[in-house]
Amino acid sequence: MTTISKTSVPMHEDHIISVRSARKYFPVQEGWMRRVKGYVKAVDDITFDIRKGETFGLVGESGSGKSSIARLILRAYDLTGGEILFRRADGSVIDVSTLSDRDLRDIRREMQMIFQDPYSSLNPRMTLLDLVGEPLVIHGVGSQGEIRDRVAELLRLVGLRPEYLTRYPHAFSGGQRQRIGIARALALNPSFIAADEAVSALDVSVAAQNINLMQDLQEKFGLTYLFITHDLGMVEHISDRIGVMYLGRLMEVGPTDEMFAKPLHPYTEALLAAVPQPDPRGNRARKRVPLKGEIADAMNIPTGCPFHPRCAYADAKCRGEVPELRVVKSGRQVRCHHAETLDLIGVAAE
Amino acid sequence: MTDIHTLSPETLLSPPLAPKEEFNADASYTAKPRTLIWWRFRKHKLAVVSLAFMVILGLLALFADFMSPYGPNTINRLNTFAPPNVVRVIHDGALHRPFVYPLKRTRDPETARVLYQEDRTKVLPVEFFVRGETYALLGLVETNLHFFGVNDRRQQINLLGTDSLGRDLFTRLLYGARVTLSAGLIGVAFSFVLGLALGAISGYYGGWLDAMIQRLMEFIRSIPTIPLWMGLAAALPIAWDPLFVYVLITIILSLIGWTHLARVVRGRFLSLKSEDYVLAARLAGASEYRIVTRHMLPAMTSYIIAALTLAIPEMILGETALSFLGLGLRPPVVSWGVLLQDAQNLRTISLAPWLLAPGIAVVLVVLAFNFIGDGLRDAADPYGQ
Amino acid sequence: MSETITKSLSPMPQERLLQLDNVGVHFPTRDGLVKAVNGVSYHVNKGEVLGIVGESGSGKSVTARSIMRLQPKYAINASGTIRYRCKSGEELLINEQDRLGRTMRNLRGNEIGMIFQEPMTALSPVHTIGTQIMRTVMLHRNVSKAEARARAIELLTKVQMPRPNDIVDRFPHHLSGGMRQRAMIALALACDPALLIADEPTTALDVTTEAQILELLKRLQDEMNMAIVFITHNFGVVADIADRVAVMYLGRVVETGTVDEIFYEPKHPYTQALLQSIPRLGRSHGRRLRTIAGMVPDPFNVPTGCSFHPRCMHAVGGICDVQTPEDVVFASGQRARCHFAGQDRQAEAAQ
Amino acid sequence: MLSYIARRLLWAIPTLVFVSFISFVIIQLPPGDFVTAYAAQLRNSGDYITEAQEALLRAEWGLNDPLLVQYWRWISNIVLHGDFGRSLEWNAAVSDLIWERLGLTLAISTLSMVFTWLIAIPVGVYSATRQYSVFDYLFTVFGFLGKGIPDFLLALILMWITFVWLNMDVGGLVSPQFEGQPWDLAKIGNMLSHIWIPLVVLATGGAAGLIRVMRANMLDELRKPYVETAYAQGFGERTVVWRYPVRVALNPFISTVGWALPALFSGDVITAVVLNLPTTGPLLLQALKMQDMYLAGSFILILSVFTVIGTVLSDILLALSDPRIRFS
């Protein structure tokens with residue numbers, strides 16, 4: 001197994017994931033013989049790290065490429081370019097994007113995913129025992145009896161009765177199914193879990209239950225989460241650090257508190273301003289100016305800064321030059337030419 | 001549904017009136033997918049009746065030699081175009097064991113045609129387990145036992161009448177069912193193999209392979225079915241062994257039918273490929289083989305079975321039509337299409353309308369398969385809304 | 001006939017546009033009768049935005065559809081009255097009308113407009129935006145085709161559609177989600193309705209587009225002095241747009257009040273619990289979310305007494321699980337359907 | 001749009017080449033060839049030709065050439081000269097034999113298709129909007145029966161019924177006494193008394209299937225939110241149903257319009273044999289049985305060409321009627 005990819009700077013020892021200049025272009029095919037007529041740059045030059053034991057939040061509008069990143073890290077897609085480093089439990093570092101199929105299987109014990117749709121992510125034709133036990137069976141962990149015990153334990157862990165082993169998913173509500181998905185993801189004791197819109201499909205009261213469960217599990221097992229969502233309230237609640245995506249690029253990365261209190265990128269500011277708060281007086285006091293226009297077509301990304309057509313602060317430089325993601329203050333990165341000069345408004349912490 | 005009890009601290013302070021946890025053991029929660037499909041299928045009354053009908057017909061066809069009173073090619077010159085016998089239970093106003101009236105033959109002085117009339121004075125009781133022609137049951141046991149018949153050497157029981165050579169139509173119908181039904185099943189099996197293979201490749205791998213297969217299917221669909229069948233069937237030399245011709249005919253039928261199946265299979269594969277649970281299995285480290293066999297195939301089987309069931313009647317209709325036209329199976333093979341050849345001519349039909357009986361059988365079987373297919377299709381996804 | 005019934009009801013106040021009293025809508029299904037809406041009462045005054053919030057299965061959409069008489073044919077209107085004040089000033093008993101009759105048809109699209117959750121599928125895919133608006137205008141107003149087209153362009157301009165002259169001839173699939181929702185709004189406003197029913201109009205949209213649509217609705221509501229019934233499951237959205245709020249749970253309105261009352265002085269334990277379970281920007285980082293125990297019961301087994309009692313931290317045995325609570329009306333006009341609404345022990349717990 | 005049509009038409013060319021090749025291969029499939037059959041025919045009439053003469057004939061007609069050469073000769077004659085070759089059995093140019101019959105086939109097919117549509121669309125819409133009503137059940141039963149009864153059986157039964165009850169033989173296009181007579185009112189009247197059977201047979205088979213398709217499409221469409229939107233605009237039920245969902249539900253229908261024609265051609269073959277109509281069907285059957293290769297091959301080719309044209313036509317119609325398809 002390759003320990004370290006040839007080009008890269010060594011990984012910081014606190015980091016568990018290091019995404020470096022990752023790119024994913026999907027070909028757009030057309031016509032009768034599937035001619036490629038262009039590329040959708042779902043992920044373009046993305047670089048960020050996730051620290052061990054933290055929750056890294058990824059926010060952005062639909063089509064910003066946030067789900068693709070999770071799938072790239074887990075190698076559900078192959079990278080078009082760049083590399084993704086992962087620190088294994090034994091401390092060795094591997095490049096996920098170049099792993100062979102056999103090594104990949106091995107690595108999947110350590111990284112798992114929780115899906116958005118609790119209905120389509122569980123095979124309706126399998127019992128809980130088969131569903132939650134499948135990763136164990138695949139990796140040949142234990143005898144049948146041991147697997148059964150382990151599944152029962154996992155179910156108990158996520159707050160489901162072990163007697164449910166023989167049931168099929170259709171016997172459960174959306175929130176419960178999401179817990180089954182969590183139990184399945186935990187089966188092999190992973191160190192890293194990507195949660196893709198894990199609570200977006202649930203009702204408010206149930207979402208809160210599951211978020212609490214995820215936090216408890218993180219504490220208990222020292223898990224690292226990549227938490228992907230479009231809900232800024234939720235991402236603020238759960239994340240230690242946050243990345244903001246727009247049109248396949250990271251616009252800003254930083255610690256949650258600092259970023260939300262004082263964003264560095266106009267897009268972050270606009271996103272925060274757009275969130276309607278359950279606070280009528282606050283809403284009336286806040287003069288909200290909605291962001292104009294809509295996210296561009298991913299096949300036709302604007303030149304220069306991709307956000308410039310919607311940005312209130314854009315000038316000629318923004319139209320012409322693509323800004324780099326750069327460190328502005330310690331721990332904060334931003335992809336904006338004018339980050340230093342802008343004085344942007346966030347949400348005041350209470 | 002069921003109750004939740006979380007390990008979150010605040011729910012340790014559970015609401016004062018929260019219901020005591022009860023283990024709600026609804027049978028449907030633990031029922032296997034197959035069971036759920038069967039429960040749903042059961043609600044489709046017509047389909048269930050049709051299924052029963054087909055099972056009975058299948059058994060009749062399988063044991064045709066035992067169930068029929070005569071041999072399929074036994075000629076009786078004295079009994080041509082005999083009308084069907086009616087099985088009765090009342091004789092002279094009194095209840096009687098099942099019987100038929102014997103037929104009296106007279107000759108029309110002008111047309112010299114034989115006319116039949118029931119002789120109401122005599123009774124010909126229907127006997128069970130009678131001795132008759134010798135045959136090999138299932139090709140194994142040599143016997144001459146027949147399920148029913150009459151003990152009279154001069155009289156016959158012809159439930160559906162006889163044809164121009166005096167052969168018993170009921171007997172021939174049962175033997176014909178063997179050929180016609182099996183032609184449908186074998187034809188579907190051929191197109192299933194083709195359709196499944198190409199549809200799966202197309203849907204699973206996608207890309208240019210998919211594009212190629214799609215184009216191929218378009219080509220095949222641009223060929224008018226019946227003329228093509230006719231052309232291919234006409235190309236089969238008369239001299240060939242009837243059994244061989246039979247296999248070739250089913251292959252010809254399936255050549256057209258597979259495109260529909262391939263489309264169904266491809267569509268299922270495409271939609272399943274994008275299901276989250278398939279990705280979930282992949283992320284759990286499942287091999288391609290496991291993903292296909294454990295996750296994709298089980299989810300498609302019920303759809304494929306429904307599509308197959310709906311394809312069988314097409315094959316049966318195809319065989320019947322070809323044989324009817326004289327391009328498919330030929331005598332001495334007995335199939336429903338071959339039997340219907342006798343009913344091509346208006347004069348014959350008006351003389352012996354019972355010769356259309358195989359046509360009725362075709363209609364019933366086609367309808368039955370359609371109903372079963374409909375029922376299966378409705379039940380195929382027991383987890384849908 | 002409708003007159004005699006109207007007489008037995010006390011007339012609506014002049015400023016009242018719409019009033020629902022004890023409305024019940026049931027659906028017979030294979031597994032039993034679903035009481036989707038079970039005695040809902042609320043009202044909307046002229047030019048006011050009433051927000052209706054609730055989790056899935058609370059019956060908020062079904063109630064809104066019964067205002068338009070748009071429920072499926074097999075729905076049973078089990079109880080209650082729906083009254084609407086027409087532009088002429090007359091009171092109309094909507095629940096007495098034939099769902100396909102002339103009166104309802106005149107009301108729909110003309111006096112009451114409606115916009116839906118899925119802008120992707122709520123517009124006809126085979127007609128241009130212009131055609132769809134023009135047809136509605138020509139249905140309710142005696143205008144020529146050219147006038148209707150001019151009106152369509154005017155409406156598209158009004159909803160701030162970019163390039164209205166071009167969009168008018170486009171098909172819905174050419175537009176983005178936000179633009180489709182704008183087209184939908186233009187369609188609903190075609191005949192200057194006095195009431196707009198908006199059923200989760202921003203749920204399928206991104207936050208930034210949602211903010212645009214909310215701003216647009218607020219501005220249009222102001223300009224046209226139109227009343228809006230705004231249905232959503234998002235408390236933030238309701239806080240942003242509504243003047244008054246009705247909170248629904250399991251086919252009932254559990255609490256109504258002004259938006260400030262609901263958000264700052266909720267009286268019903270369900271409202272209180274729900275508000276605490278929402279993460280808020282700038283407030284909740286690192287804190288644990290409060291949750292509501294259990295989950296929404298399935299509609300076939302609605303709990304007895306107060307339907308919230310199995311999940312309520314303040315439920316009292318012998319009362320909450322037996323008696324169906326009535327509205328407790330507060331001096332301000334706020335109402336809560338709870339046996340103990342406004343009583344101390346509950347206020348404490350809410351802290 | 002234009003480029004779409006152009007692409008679609010271009011695509012039809014390889015399809016046509018493929019189809020014509022298949023047709024040619026099919027007619028070459030039977031063992032022996034034209035000369036073998038010719039010699040056999042001569043022997044039957046008491047005449048004979050020597051092996052040398054046979055070889056000479058083979059050389060003259062180029063039957064020893066490779067398949068591709070023969071194919072090229074056959075197809076180039078058709079394309080360049082409109083020459084479909086000669087029929088052995090009829091001893092006449094194929095083109096003389098088929099055009100009149102093709103015309104009649106086309107007339108019967110078109111008429112029955114019009115009937116099919118006139119029946120199927122309103123009935124399908126009715127069944128969907130009044131789901132589970134008495135008439136919906138009746139139409140469903142009709143649909144199943146229509147699907148279950150083979151065309152030829154229906155034709156036989158209708159013929160038999162008219163023969164028994166009206167004592168009329170409705171086989172053939174006209175009664176025997178009119179055959180070869182010039183067309184006059186009496187003959188046309190006689191033809192009308194015959195032609196209804198093939199029309200009923202073909203239209204029943206087609207309508208039964210289409211009713212079910214239309215009903216299913218409509219049920220899908222009626223559930224879509226845009227129907228609710230239309231109601232919310234204040235349109236009456238009839239307007240809503242016919243203007244919106246019917247318009248969308250017809251799209252898959254339109255895509256079958258081009259298919260319907262060749263399908264009817266195909267269906268017509270068997271019906272026409274039973275009813276003894278002077279259309280293409282019986283001639284094709286006869287040609288196939290007699291291994292009359294050029295005649296049979298030309299038939300299959302022409303029918304296939306109709307199918308390909310029909311498909312192209314459908315695709316273009318579909319693109320015109322459904323704006324969503326145009327640019328994809």
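Naming convention: chains lettered A, B, ... in sequence-line order (proteins, then strands); numbering from 1 in each chain.
- Interface remark: B/L340 contributes side-chain atoms only to the contact with chain D (heavy atom separation under 4.5 Å).
- If you tally non-hydrogen atom pairs under 4.5 Å between each of D/L16, D/L156, D/L145 and chain B, the highest count goes to D/L156.
- Taking the ring axis of D/F144 as reference, the NZ or CZ atom of D/R212 stays within 45° of it and closer than 6.0 Å to the ring centre.
- Interface check for chain D: of the options B/V366, B/L364, B/L325, the most heavy-atom pairs under 4.5 Å are formed by B/L325.
- Heavy atoms of D/F152 lying under 4.5 Å from chain B belong exclusively to its side chain.
- With respect to B/D210 and B/R266, a salt bridge is recorded, a charged nitrogen being found less than 4.0 Å from a carboxylate O.
- Between B/Y116 and B/F81, the ring center distance fails the sub-6.0 Å criterion.
- A salt bridge links B/R172 to B/D163: at least one charged side-chain nitrogen sits closer than 4.0 Å to a carboxylate oxygen.
- Ring geometry, D/F21 versus D/Y71: the interplanar angle exceeds 60°, so the pair is classed perpendicular (tilted spans 30 to 60°).
- For B/L317, the part lying under 4.5 angstrom from a heavy atom of chain D is the side chain only.
- Using a 4.5 Å cut-off between heavy atoms, B/V363 touches chain D through backbone and side chain atoms alike.
- Of the two parts of D/I149, the backbone and the side chain both hold a non-hydrogen atom closer than 4.5 Å to a non-hydrogen atom of chain B.
- For D/R215 and D/D220, the salt-bridge test fails: no basic side-chain N is under 4.0 Å from an acidic carboxylate O.
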